[in-house]
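Each remark here refers to the structure printed beneath this line.
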2 protein chains.
Amino acid sequence: MESEELRNVGLKVTTPRLKILGLLENAKSKHMTAETIYRQLSESGEVIGLATVYRALAQFEAAGLITRHQFEGGQTVFELERGPHHDHIVCVRCGRVEEFYDKVIEDRQREIAEKLGFTLSDHALTLYGECSGGTCTAKNG
Amino acid sequence: MESEELRNVGLKVTTPRLKILGLLENAKSKHMTAETIYRQLSESGEVIGLATVYRALAQFEAAGLITRHQFEGGQTVFELERGPHHDHIVCVRCGRVEEFYDKVIEDRQREIAEKLGFTLSDHALTLYGECSGGTCTAKNG
DNA sequence: TCTCACTTGAGATTCATTCTCACCAACCAG
DNA sequence: CTGGTTGGTGAGAATGAATCTCAAGTGAGA
Ligand SMILES: [Zn+2]
Ligand SMILES: [Zn+2]
Ligand SMILES: [Zn+2]
Ligand SMILES: [Zn+2]
């Protein structure tokens with residue numbers, strides 16, 4: 001239950017928080033902007049403030065419930081932190097986002113950081129390209 | 001000569017553009033924000049508009065003279081596109097930026113994109129961590 | 001139910017970046 | 001050299017994502 005998740009991380013269980021978490025669970029797209037979340041909730045009849053969405057997302061992130069990604073050009077997107085770590089590849093034409101995990105790269109990153117005298121705490125890897133004809137739904141150009 | 005570079009990419013040779021390119025050449029830090037460039041030029045007596053800096057940087061980027069990086073939290077930084085491609089590792093305490101190149105990772109990225117049906121056109125890889133005691137100049141915490 | 005610290009919604013605010021527009025400066029033909 | 005044309009520039013206004021403010025609302029323990 002989502003209420004559990006909130007309690008576990010020390011956040012009071014409130015309607016807006018539940019709605020936001022719920023939407024992240026069930027939305028068609030795994031990666032959503034604050035604006036999108038706000039709009040979708042508003043359209044489905046909720047009375048919610050945009051500030052509340054941003055606030056909740058920041059809290060969820062701090063609590064490790066979600067992760068934040070900044071793909072080039074676009075606004076910040078959030079996704080539920082479920083399952084194993086992964087990185088992203090984004091189609092620069094249609095915006096489609098695919099996920100991948102590559103052990104070789106992950107390991108290598110740690111080695112590189114170590115070699116340079118850093119203690120690795122995080123990383124951001126995003127590939128950009130064009131997805132192949134059939135899949136690409138670019139709105140013409 | 002910087003005038004050449006500008007002409008080669010089809011940009012008219014003007015004083016502001018030369019000053020900005022020159023600053024990127026000689027600045028202490030390889031990675032600079034638009035604001036920093038603006039401030040440094042202003043302080044050294046130039047009369048230049050912030051809009052001009054942003055405009056020029058956008059044009060330089062489009063022309064491939066510089067690259068743009070968006071490290072998490074901070075504002076966008078630009079650096080001269082000289083020498084081979086590299087990625088970055090940033091200290092989350094003191095902000096120091098080191099560069100690295102890793103063939104294994106670069107190759108792997110291409111394979112991953114291919115496997116997923118993408119034609120890779122670009123990528124952004126940034127590692128975050130803490131640099132070791134001696135080198136870290138964190139302003140206390 | 002009562003209470004109160006924590007939350008929320010609406011709107012104001014911030015701040016990086018972009019836009020507007022009257023003025024100005026490269027560049028070239030004359 | 002010029003003068004004209006074209007594109008570039010500076011100042012300030014505008015934009016837009018994200019944050020802050022604050023009066024009003026609401027969970028959850030007593
Ligand atoms: Zn990864
Ligand atoms: Zn993802
Ligand atoms: Zn790379
Ligand atoms: Zn660099």
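Heavy-atom basis, side chains included; hydrogens, waters and symmetry copies ignored. Every chain is numbered from 1 and lettered A, B, ... according to where its sequence line falls, protein lines coming before strand lines. What you are looking at is a predicted structure, and each value in this text was computed from that prediction instead of being measured.
Distances from the side chain of B:Leu50 to the nucleotides D:dG8, C:dT17, D:dG27 place C:dT17 closest. Side-chain atoms of A:Lys12 lie closest to C:dT7 of the nucleotides C:dA16, C:dT7, D:dG10. Considering only side-chain atoms of B:Ala51, the nucleotide from D:dT9, D:dA28, D:dG12 that sits closest is D:dG12. Across C:dT8, C:dC19, C:dA16, the shortest atom-to-atom separation from the side chain of A:Arg55 is found for C:dT8.
Base contact: B:Thr52 has a heavy atom under 4.0 Å from a base atom. Backbone-only engagement by B:Ile48 is indicated by non-hydrogen atom pairs under 4.0 Å involving sugar-phosphate atoms exclusively. At a threshold of 4.0 angstrom between heavy atoms, the contacts of B:Thr76 are confined to the sugar-phosphate backbone, with no base atom among them.
Separating the CD atom of B:Glu72 from the C1' atom of D:dA18 is a distance of 16 Å, rounded to the nearest angstrom. Put simply, CD1 on A:Ile37 is 14 Å from C1' on D:dA17, counting in whole angstrom units. Counting to the nearest Å, the P atom of C:dT14 and the CD atom of B:Gln75 are 17 Å from each other. D:dG10 atom P lies 10 Å from atom CG of B:Leu41, rounded to whole Å. Between the C1' atom of C:dT8 and the CD atom of A:Gln59 lies a distance of 11 Å, rounded to the nearest Å. Between the CZ atom of A:Phe78 and the C1' atom of D:dA17 there is a distance of 11 Å, rounded to whole Å. With rounding to whole Å, A:Leu6 atom CG is found 15 Å from C:dT8 atom C1'. B:Leu57 has its CG atom 12 Å from the P atom of D:dT9, to the nearest Å.
Taking 4.0 angstrom as the limit, B:Thr15 places a side-chain polar atom (N or O) nearer than this to OP1 or OP2 of C:dA26. In this structure, A:Tyr54 reaches the D:dA18 phosphate: one of its side-chain N or O atoms is under 4.0 Å from OP1 or OP2. Look at B:Arg17 and you'll find a side-chain N or O under 4.0 angstrom from OP1 or OP2 of D:dT9.
In this structure, A:His88 and A:Leu127 have side chains that are not in contact, with every pair of non-hydrogen atoms separated by 4.5 Å or more.
Using a cutoff of 4.0 Å between basic side-chain nitrogens and carboxylate oxygens, A:Arg82 and A:Glu25 are scored as salt-bridged.
The nearest heavy atom of DNA chain C to A:Tyr38 and to B:Val13 marks one nucleotide each, and the one closer to the 5' end goes with A:Tyr38.
Side-chain contact of B:Arg55 with B:Thr52: a donor-acceptor pair under 3.5 Å is present, judged by distance alone.
Aromatic ring orientation, A:His85 versus A:His123: perpendicular (interplanar angle above 60°, classes split at 30° and 60°). Taking the six-membered ring where tryptophan is involved, the planes of B:Phe71 and B:His69 are essentially parallel, since the angle between them stays under 30° and well short of 60°.
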